[in-house]
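In what follows, a single structure is set out as structure tokens and then discussed.
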Amino acid sequence: MFNTIPPITRNIIIINVIVFIVTLIMPQLYNTLSGFYPFSPNFKSWQIITHMFMHGGFMHILFNMFTLFSFGPVLEQALGEKKYLILYFLSGLGAFFLFNLWNFIEVQQIVSGLEDLGLNASEIYSKSVIGYSGNMNISATTTEGKELSQQLYDVLRTPMVGASGAIFGVVAAFATLYPDAKIGIMFIPIPMKVKYVLPVVVIGSIYLGVSGNGGGIAHLAHVGGAIVGFILARIWKKHLYRFN
């Protein structure tokens with residue numbers, strides 16, 4: 001059955017599984033390949049790509065790969081390998097960009113708040129380096145200063161991982177090309193048209209990402225991927241049958 005999956009989708013799944021297994025065997029690679037905030041001292045240029053192949057756990061990779069398996073083959077056959085690959089990676093990059101654009105806005109607000117309290121954000125930057133073994137005490141003495149320092153510390157040390165952004169681009173492109181296709185949703189017994197499901201998911205992701213109630217999930221990355229997938233599918237839709 002696996003051999004019947006189109007080559008790009010199949011190889012993406014294989015690479016994700018291999019990287020997941022390798023990082024289980026060599027956990028020191030996790031922080032090297034995950035995608036940190038671009039202005040974090042933990043950021044490396046290759047993470048813009050490698051974060052798309054990282055996952056935080058078995059259920060994370062299982063859900064992502066199952067979703068890609070469900071939508072990817074149809075889209076790969078419709079678009080052709082080249083444009084499908086472009087769609088996948090540009091959606092992943094769009095996810096990284098939007099997620100970190102919001103991070104940038106939040107960091108600027110945090111830094112401004114620290115400066116208003118007479119605190120220097122550079123202290124937090126230096127102590128947020130993965131592997132830092134020096135004195136972790138910060139100069140903040142007020143509750144507000146400590147909270148802001150912790151928020152900045154968390155942004156600088158918490159990486160973005162997963163293929164979800166790229167896969168949301170695939171799902172959004174599928175919904176754009178085949179809006180009346182029906183899909184099954186967990187806990188909903190009746191199949192629903194994807195053109196109704198996707199907007200609800202995207203709006204929910206925007207709310208959760210902006211409100212900060214995301215539960216550790218990069219919801220705005222999903223939105224970024226979906227936007228890119230939608231735009232590309234709209235551009236290519238007129239010439240759909242000229243791709244292959």
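Since we're looking at a predicted model, the values are computed, not measured. The first residue in the sequence is number 1, and the count goes up from there.
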*Roughly how far, to the nearest 0.5 Å, is CG of Leu101 from CZ of Phe96?*
12.0 Å

*Could you please spell out the steps behind the side chain to side chain contact (heavy atoms under 4.5 Å, CB included) verdict for Leu177 and Trp236?*
CA-CA 9 Å; Leu177 297 179; Trp236 294 337; over 6 Å; no

*Locate the shortest heavy-atom distance separating Ser205 from Val223; write the atom from each residue and the value.*
CB-CG2, 3.6 Å

*For Phe97, does the CZ atom have more than 12 heavy-atom neighbours from other residues, nucleotides or ligands under 6.0 Å away?*
no

*Return the set of residues passing salt bridge (Lys or Arg N to Asp or Glu O under 4.0 Å) with Lys44 (not counting sequence neighbours), or none when no residue passes.*
none

*Donor-acceptor pair, side chain of Asn42 and main chain of Ser128, under 3.5 angstrom*: yes

*Can you check side chain to side chain contact (heavy atoms under 4.5 Å, CB included) on Glu106 and Asn103, steps first, answer last?*
CA-CA 5 Å; Glu106 287 194 320; Asn103 271 344; 4.1 Å; yes

*Between Arg157 and Ile130, is a side chain to side chain contact (heavy atoms under 4.5 Å, CB included) present by the stated rule, with each step listed?*
CA-CA 7 Å; Arg157 285 183 60 95; Ile130 301 296; 3.7 Å; yes

*Closest approach of Phe43 and Pro38, non-hydrogen atoms and distance?*
CD2-O, 3.4 Å

*How many angstroms lie between CG in Asn16 and CG in Leu62, if you round to the nearest 0.5 Å?*
12.0 Å

_Checking ring pair (Phe, Tyr, Trp, His ring centres under 6.0 Å) between Phe71 and each of Phe66, Tyr88, Phe174, Tyr84, which is the one that passes?_
Phe174

*Considering all heavy atoms of both residues, which atom of Leu114 and which atom of Gly145 are nearest to each other, and what is their separation?*
CD2-O, 4.0 Å

_Pairing residues for Phe104 by the side chain to side chain contact (heavy atoms under 4.5 Å, CB included) criterion, not counting sequence neighbours_ = Tyr37, Phe39, Gln108

*Atom pair NE2/CZ of His51 and Phe99 - distance to nearest 0.5 Å*: 9.5 Å

*What closest approach, in Å, do Thr9 and Gly72 show between heavy atoms, and which atom pair accounts for it?*
OG1-C, 3.6 Å

*First locate atom CD1 of Ile203, then atom CG of Leu198, and finally report the distance between them rounded to the nearest 0.5 Å.*
9.5 Å

*asked:* Using a 3.5 Å distance criterion without hydrogens, assess whether the side chain of Ser91 forms a donor-acceptor pair with backbone atoms of Leu87.
replied: yes

*Is the shortest heavy-atom distance from the side chain of Leu33 to the side chain of Gln47 under 4.5 Å?*
no

_Under the criterion side chain to side chain contact (heavy atoms under 4.5 Å, CB included), I'd like the reasoning laid out for Lys195 against Asp180: C-alpha separation, chi angles, the key distance, then a yes or no._
CA-CA 6 Å; Lys195 67 180 179 182; Asp180 293 323; 2.9 Å; yes

*Is there a donor-acceptor pair closer than 3.5 Å between any side-chain N or O of Glu76 and the backbone N or O of Ile8?*
yes

*Compare every heavy atom of Leu117 with every heavy atom of Leu148, then report the nearest pair and how far apart it is.*
CD1-CD1, 4.1 Å

*Is there a donor-acceptor pair closer than 3.5 Å between any side-chain N or O of Thr158 and the backbone N or O of Val155?*
no

*Check: Ser34 and Met160 side chains under 4.5 Å, non-hydrogen atoms*: no

*Assert yes or no for the condition that the ring centre distance of His222 to Phe168 is strictly below 6.0 Å.*
yes

*asked:* Could you check whether any side-chain N or O of Trp46 sits under 3.5 Å from a backbone N or O of Thr32, counting only pairs where one atom can act as donor and the other as acceptor?
replied: yes

*So which heavy atom on Ile167 is nearest to which on Asn64, and how close?*
CD1-O, 3.1 Å

